Structures are given as structure tokens and as C-alpha cells.
Amino acid sequence: MSTKSILKGLDEAVQISEGKLEARSNILSITPLHDYNNYEIKNIRTKLNVTQVAFAALLGVSKKTVEAWEKGTNSPNGPARRILELLCADNDLMTKYHILNR
């Protein structure tokens, strides 16, 4: 980043704070993560027609983690929950992006 662009940015910030320039804004709405229970997780895996080992590899977790999720001992967290959400929305997601090759 050049000194010129930094100074321009600072000048714009001052103008915005003085009300001389309107700031751009983006409003984002992020869907909250769903809490998946053990039955839902097993159902997702079954719909994909993969073993616990393959499902674990798809999600980047261990087989023991998948086993614990499906027993209800543990629950998936952040990234895994978002991936599960994407898989629910599109069963072919892993195939489309060549993560799962049949």
C-alpha cells in the first residue's frame, strides 16, 4: 500500500467524521449455525452414502469424532456445523467440488 493511498484513506476518514462525505456501508446477515443432533448427523451421512471413515475425511475430522457425534456424546462445532448445513442444502456439494469422487 502506498503512502498516497494511505493519505487518501485518512483524508476520507476525516471527511466522513466531519459529515462532508457519506461512508459506504454493507449490511450482512449471517444465518446462525444449526445445532445438529446425532440423528441428523447420521441421516446426512446416510444420504451421502458414505461410511463414518469417509464422512470423517470429508469433514476433516477423525472417525472417533464422527462416532461420538452419531452416539450423541459430542456435537460438531463451528466449521463442521457450517459444512453440515451446506451438505443439507446440497447433497451433491462434495461431488461438484471434486472432494468426493464416485
Side-chain angles (χ1 to χ4, degrees):
M1 187 175 266
S2 70
T3 303
K4 189 174 182 177
S5 65
I6 293 171
L7 291 174
K8 181 181 177 197
L10 289 172
D11 183 51
E12 287 176 1
V14 170
Q15 289 182 42
I16 291 167
S17 70
E18 293 174 347
K20 297 177 183 174
L21 185 65
E22 189 173 320
R24 294 177 299 211
S25 67
N26 290 321
I27 298 172
L28 299 175
S29 175
I30 299 172
T31 305
L33 291 168
H34 177 73
D35 288 319
Y36 290 92
N37 66 41
N38 57 323
Y39 301 107
E40 291 172 309
I41 294 165
K42 186 169 184 176
N43 188 40
I44 293 166
R45 181 178 64 78
T46 303
K47 282 184 179 181
L48 288 172
N49 195 28
V50 294
T51 65
Q52 287 182 336
V53 172
F55 194 59
L58 288 171
L59 295 172
V61 298
S62 70
K63 179 184 180 274
K64 293 246 183 233
T65 297
V66 172
E67 287 173 353
W69 291 349
E70 290 188 2
K71 285 180 187 174
T73 308
N74 291 335
S75 298
N77 57 23
R81 286 169 56 193
R82 188 62 76 190
I83 293 170
L84 289 169
E85 194 170 277
L86 293 170
L87 289 171
C88 284
D90 185 354
N91 285 338
D92 295 326
L93 184 74
M94 294 294 184
T95 308
K96 280 182 193 174
Y97 292 98
H98 309 287
I99 297 166
L100 177 63
N101 298 307
R102 296 190 188 267

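Every value quoted in this text rests on a predicted model; they were computed, and no experiment measured them. Counting begins at 1 with the first residue of the sequence. What's counted below: heavy atoms across the whole structure, side chains too, no hydrogens, waters or symmetry copies.
Here the CG-CD1 distance, from Asp11 to Ile6, works out to 13.5 Å after rounding to the nearest 0.5 Å. The structure places NZ of Lys42 at 11.5 Å from NZ of Lys71, a figure rounded to the nearest 0.5 Å. To the nearest 0.5 Å, the span separating CG on Leu10 from OG1 on Thr3 amounts to 11.0 Å.
For Asn91 against Lys47, the heavy-atom pair with the smallest separation is ND2-CD, 4.3 Å.
With sequence neighbours excluded, the residues satisfying salt bridge (Lys or Arg N to Asp or Glu O under 4.0 Å) with Lys63 are Glu67. For Glu18, the salt bridge (Lys or Arg N to Asp or Glu O under 4.0 Å) partners two or more places apart in sequence, or in a different chain, are Lys20. Here Asp92 pairs with nothing under the salt bridge (Lys or Arg N to Asp or Glu O under 4.0 Å) rule; sequence neighbours left out. Listed by chain and number, the residues in a salt bridge (Lys or Arg N to Asp or Glu O under 4.0 Å) with Lys96 are Asp90 (sequence neighbours excluded).
Arg81 has its side chain out of reach of Glu85: every pair of non-hydrogen atoms, C-beta onward, lies at least 4.5 Å apart.
Connectivity analysis of hydrophobic side chains (ILVMFWY, heavy atoms under 4.5 Å, direct or indirect) links Leu84 to Tyr36, Ile41, Ile44, Leu48, Val50, Phe55, Leu58, Leu59, Val61, Val66, Trp69, Ile83, Leu86, Leu87, Leu93, Met94, Tyr97, Ile99, Leu100. Hydrophobic cluster membership for Leu28: none, as no Ile, Leu, Val, Met, Phe, Trp or Tyr side chain comes under 4.5 Å of it.
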